Every structure is written in C-alpha cells, then in structure tokens.
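Sequence positions, counted from 1, serve as the residue numbers for this chain. Treat the numbers as computed from the prediction; the structure is a model and nothing was measured.
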Amino acid sequence: MASKAFDMIVIGAGPGGYVAAIRGAQLGLDVAVVEREHMGGICLNWGCIPTKALLRSSEVFHLMHRAKEFGLKATGIDYDLDAVVKRSRGVAKQLNGGVGHLLKKNKVTVIMGEATVPAEGRVTVKTDKGVEELTARHIVLATGARARELPGLEADGDLVWTYKHALVPPRMPKKLLVIGSGAIGIEFASFYNTLGADTTVVEVMDRVLPVEDAEISAFAKKAFVKQGMKIMEKAMVKQLDRGKGKVTAHIEVGGKVEKQEFDTVISAVGIVGNVEGLGLEALGVTVDRTHVVTDEYCRTDVEGLYAIGDIAGAPWLAHKASHEGVMVAELIAGGHPHPVKPESIAGCTYCHPQVASVGMTEAKAKEAGYEIKVGRFPFIGNGKAIALGEPEGLVKTVFDAKTGELLGAHMIGAEVTELIQGYVVGRQLETTEEDLMNTVFPHPTLSEMMHESVLEAYGRAIHI
C-alpha cells in the first residue's frame, strides 16, 4: 500500500494535538491528526470540561441551600445524580462534536486508529479497516496521560475509582475516601462532599493542595474542614482490603496505622504519560519517568519529532498543551515563536472555594534568593464579594522588592479562576508594581482585590 504524505502528522487529538493541527493548517501545512478514541482527548471528554459541569451542579445545589440568605424561598431541595451526570456527559459530547467540526473546517485529515512511529518521518496507523502508512517531515506526539495506579490501590470501577469512574458513578458514595489532594482529588472531594458524602481526604505531603502557596493551602484546609471534610495530612494509604460493599483502608499517619471503612475510594495520586506502544525506545527517544524529554521548543532528541502537553511533563494542564501546540506548529511552518514559560502558566482548581495561582509562591521566591514584598487582601474587604455572599477568600501577591517584578500571585475564593488571568497577562508583559498600581480597576468588581493586594504590598492599601 502506498503511503500518504503530509507536512505534519499529529498523534493525539486532545487540547494539545487538535490545536497544533488546526494552527498548522492555518499556516498552510498539509496536516493529519491520528486519534484512537475521542476528539478533544481526556480534557474535553473525561477531564477539564465534564468535571466543571459536575461542579457547577454541586455549586448550584449549595446555593439553593443558601436561598434564605438572599431573601428567597426554596423547599424540598434535592438532586438527581443520574441527571447531573447526564448533563455533564452532554456538555462533553457537544464539545467533542465541535472539535471534529473545527478540524474539518480547517481541512485537517482525521484518521481514527492506533499510531506507532516505526522510523523517522513515518507513522503506521492500525484502523478498523486495516493499516495505513503515513509520512511527514514533522511528527508531533500529543498522546496525553492517564491516571497513575499504585500497587494494591488499583481501581476496579466498583469500590475503587479513578477520575473516569468518578465522572460516571454507579452510585452516590455515602462514605468516601479520596487519596491525593491535588486538583483532581480535591475537585472530586468537593463535588461529592457538597452532595452529602461523608468525605475523607488523605494527603502524603504536609498540606492539602501542596503545589500552592502555604498560606492558600492553610486557608483551603480551613474551608474544607468547615464544610465537613476530614483532612489527613502527612498520611499514606498503605493497603485497601475490599469486601462486599465496603473497603477497609489501612492509613499510616504519625508512624501508626489505623483502619477506616469506606464504601467508595477515589484514587487521585498523579498521572503517567502515554508513551507505550509508540515505538519511542527503538527510535532513541529519551523517556524519563513516563514523560518524553524535550527542549524548550518541545523538540525531542530525534530529528523532526516533537512532544507536547502531558506526555512532555509538568505542568499537566490543557492550556499549556494548547499553547505548546501553537508554538510547535509555528516552528514547523518556519516561524520564530517564543518558547512556553511554565512559570507563567496559571494553575486553577475548581473546588469550593476556588483556587488559582501563577508564578512563585512566597517560599519559592525566598528560596530563589529574592528580597520580596508581599501583599494580601481579604474578600471581606470587597463590596462585590459581600454582595455576592462570598466574603471568604484571599488575594496574595509576591513582588521582587528591588525591581517591582510580579513574581507570583495566589488566590482563593469565589471566581478566582476567572481573575487570575489578569496577573498572567501582567507577568507576560513584564509588568511592575507601578503599572498595576496605576491601572484603574472597575467598581464594583472582585478584580478590585487584585489592585488592593498590590497596593498592600507597598503599604498603600485603601480598604483594609
């Protein structure tokens, strides 16, 4: 069979892959994308999007219980878990179809099947109809990642779940154990706890949301405990004994092992890159702990082979993957794009309260040797937050005392995932504290807290 030739072949149609393919096509390249399962990848089908749909339902449910605070009456408040899940899956399906439309609109050739890279410039795809041979000078690996499973804690879909099982639950947990308090674990803990599950979170590190600023983590823990969650830090699940309708977890904390019973366990202990079956070892691609090693332009050590998104390592974020996809497509098309700066990529966690951050934490800035100025502004000092009934939260900024550079920003509270981009733009434009102070923020908005936090770092805050 004669091979089909393209300028660029993308393996994986997640938020990195499909964006790379579209940008390549926009730049005049003949592009093919190979996908083995879903257009939009894990993010759109089993991650970012459907989880936000679930969390929106739990947020509305929470607000319904607060109706009296707003002068409203609501009785018989309840939920239909099947309907909640159905809505979530419907949102994912709608966007899945949208990705297919965008690829077609941009004249990207889509091939559904399992891809391998047998040699430089070659891709073999096993499809339902047989095997297709493709060639291209440039091949982009965008195969994503999957849930990490630890020995003895493997998911079974019944008593022990991964994020996929948690998105389409066979039942509503009554007593839930969540292993891991990163973004995935805490979001599911927040969702099920709000709907009434007795929820325990076990974190091996010394605090929940361990990648966040310590002050934000402490604020989050206090909020979670107030909501009824049990938080176990510096703790490790050593063993799960599975019985009929129950799981006995052996949890080591403080040097002692205690046993607790649950009816459901969600394992959220990180992810591993999808590097298997691609033929990378034979090609000589360097793989480090399930992630492909690349340079700042996502180039591997094999000529013409690139890796973007989760397969290329941290931060494991869809928006990082998409931006890398654009960068690589522009590089392939002969452009001179700027490399992606991981330290300027925001991280967002959509629990209640929301958490968002960009750049260095206070501790990291000190470790790096900076003399710093730190600003803090609480939600209780903001009129819009009080009007919304959301007075609990904090905006924290970290500046280089010598240059005024914004080193980091950290936020917890209502809608902070929508606010953080202001600081992201500021860092991208190399904004100083003076620029931010001289910016007029609209009133009344939550964004005014961003301004006040900057002012507070320099002893100029007005409303605190």
Side-chain angles (χ1 to χ4, degrees), residues 37-38 42-43 45-48 50-51 53-55 58 81-82 84-85 88-89 92 144-205 208-210 224 228-253 256-274 276 289-290 310 316 349-351:
E37 195 171 3
H38 302 293
I42 291 295
C43 171
N45 295 279
W46 294 102
C48 324
T51 54
L54 291 182
L55 285 160
S58 67
L81 186 60
D82 289 341
V84 169
V85 172
S88 170
R89 301 315 305 156
R146 63 187 183 278
R148 181 188 300 278
E149 294 199 276
L150 300 178
L153 310 183
E154 295 91 350
D156 54 37
D158 178 22
L159 298 172
V160 183
W161 301 348
T162 64
Y163 63 87
K164 274 195 175 183
H165 304 118
L167 280 166
V168 286
R171 66 181 179 281
M172 175 64 196
K174 292 180 181 176
K175 194 170 183 187
L176 172 67
L177 169 64
V178 178
I179 308 174
S181 75
I184 295 172
I186 281 295
E187 286 184 3
F188 279 119
S190 189
F191 171 73
Y192 283 109
N193 187 73
T194 300
L195 294 189
D198 180 358
T199 304
T200 299
V201 178
V202 171
E203 172 55 53
V204 70
M205 303 295 283
V208 293
L209 296 169
F224 298 151
M229 284 191 213
K230 299 175 186 67
I231 305 292
M232 301 178 70
E233 297 160 326
K234 294 184 182 178
M236 182 182 294
V237 178
K238 306 291 287 185
Q239 180 180 330
L240 294 176
D241 297 335
R242 306 171 203 223
K244 189 174 181 181
K246 68 176 183 179
V247 180
T248 302
H250 298 242
I251 305 171
E252 184 181 302
V253 58
K256 297 180 180 179
V257 176
E258 57 183 70
K259 296 180 182 179
Q260 293 190 35
E261 280 192 6
F262 302 90
D263 62 39
T264 309
V265 177
I266 297 176
S267 178
V269 290
I271 62 174
V272 293
N274 292 324
E276 304 89 352
R289 288 170 291 180
T290 78
D310 287 355
W316 298 283
T349 305
Y350 299 82
C351 49

Quiz item: Distance-only, no hydrogens or angles: does the Arg89 side chain make a donor-acceptor pair with backbone N or O of Leu167 under 3.5 Å?
Solution: no
Self-check item: Closest approach of Val160 to Leu153 (non-hydrogen atoms, all atoms of both residues)
Solution: CG1-O, 3.7 Å
Quiz item: Could you give the distance from CG (Leu54) to OG1 (Thr194), rounded to the nearest 0.5 Å?
Solution: 11.5 Å
Quiz item: Got a donor-acceptor contact below 3.5 angstrom from the Glu149 side chain to the Ala155 backbone?
Solution: yes
Self-check item: Salt bridge Arg242-Asp156, side-chain N to carboxylate O under 4.0 Å
Solution: yes
Quiz item: Which pair of non-hydrogen atoms, one from Ala145 and one from Ile271, has the smallest distance, and what is that distance?
Solution: CB-CD1, 3.6 Å
Quiz item: Does the side chain of Trp316 reach to within under 4.5 Å of the side chain of Ile184, using non-hydrogen atoms?
Solution: no
Exercise. Provide the closest heavy-atom pair for Cys43 versus Pro50 in the form atom of the first, atom of the second, distance.
Key: O-CD, 3.7 Å
Practice problem: Any chance you could lay out the side-chain contact (heavy atoms from CB on, under 4.5 Å) test for Lys234 and Glu252, step after step, and finish with the verdict? | Solution: CA-CA 9 Å; Lys234 294 184 182 178; Glu252 184 181 302; over 6 Å; no
Practice problem: Among Val237, Val178, Ile179, Leu159, find the residue that satisfies the side chain to side chain contact (heavy atoms under 4.5 Å, CB included) test when tested with Val265. | Solution: Ile179
Practice problem: To the nearest 0.5 angstrom, please state how far the CG atom of Leu195 sits from the CG atom of Leu81. | Solution: 7.0 Å
Quiz item: Is the backbone N or O of Phe188 less than 3.5 Å from a side-chain atom of Ser190, with the two atoms forming a donor-acceptor pair by type?
Solution: no
Exercise. Specify the closest pair of heavy atoms between Pro173 and Ala197, including all atoms of both residues, with the distance to one decimal.
Key: O-CB, 3.5 Å
Self-check item: Any Ile251 side-chain heavy atom under 4.5 Å of Val257 side chain
Solution: no
Exercise. Using modelled atom types only, decide if a donor and an acceptor are shared between the side chain of Glu203 and the backbone of Ser181 within a distance under 3.5 Å.
Key: yes
Self-check item: Thr264 (side chain) donor-acceptor with Leu176 (main chain) under 3.5 angstrom
Solution: no
Exercise. List the atom of Ser88, the atom of Ala53, and the distance in Å for their closest heavy-atom pair.
Key: CA-CB, 3.7 Å
Quiz item: Taking Arg148 for the side chain and Gly270 for the main chain, is one N or O donor matched with an acceptor at less than 3.5 Å?
Solution: no
Practice problem: Kindly say whether Lys174 contributes a backbone atom to a donor-acceptor pair with the side chain of Asp263 at under 3.5 angstrom? | Solution: yes
Self-check item: Pair Phe224-Cys351, side-chain contact (heavy atoms from CB on, under 4.5 Å): steps then yes or no
Solution: CA-CA 9 Å; Phe224 298 151; Cys351 49; 3.8 Å; yes
Self-check item: Neighbour count above 12 (heavy atom, 6.0 Å) for Met236 CE
Solution: no
Exercise. Using atom types as modelled and distance alone, determine if a side-chain donor or acceptor of Glu187 lies under 3.5 Å from a backbone N or O of Tyr350.
Key: yes
Quiz item: What distance separates Leu177 CG from Trp161 CH2, expressed to the nearest 0.5 Å?
Solution: 12.5 Å
Practice problem: May I have the step-by-step check of side-chain contact (heavy atoms from CB on, under 4.5 Å) for Met229 and Thr200, ending in yes or no? | Solution: CA-CA 6 Å; Met229 284 191 213; Thr200 299; over 6 Å; no
Self-check item: Criterion side-chain contact (heavy atoms from CB on, under 4.5 Å) on Ile42 and Tyr163, from CA distance to verdict
Solution: CA-CA 10 Å; Ile42 291 295; Tyr163 63 87; 3.7 Å; yes
Quiz item: Does Thr162 reach the main-chain N or O of Lys164 with its side chain, forming a donor-acceptor pair under 3.5 Å?
Solution: yes
Quiz item: Are any of the side-chain nitrogens in Asp241 or Lys246 under 4.0 Å away from the carboxylate oxygens of its partner?
Solution: no
Quiz item: Any salt bridge between Glu276 and Arg146, counting N to O under 4.0 Å?
Solution: yes
Exercise. Might you work through the salt bridge (charged side-chain N to carboxylate O under 4.0 Å, His left out) test for Asp158 and Arg171, ending with a clear yes or no?
Key: CA-CA 9 Å; Asp158 178 22; Arg171 66 181 179 281; 3.5 Å; yes
Practice problem: Locate the shortest heavy-atom distance separating Tyr192 from Met172; write the atom from each residue and the value. | Solution: O-CE, 3.6 Å
Quiz item: Distance-only, no hydrogens or angles: does the Thr290 side chain make a donor-acceptor pair with backbone N or O of Gly273 under 3.5 Å?
Solution: yes
Self-check item: Side chains of Thr248 and Leu240 in contact at under 4.5 Å (non-hydrogen atoms)
Solution: no
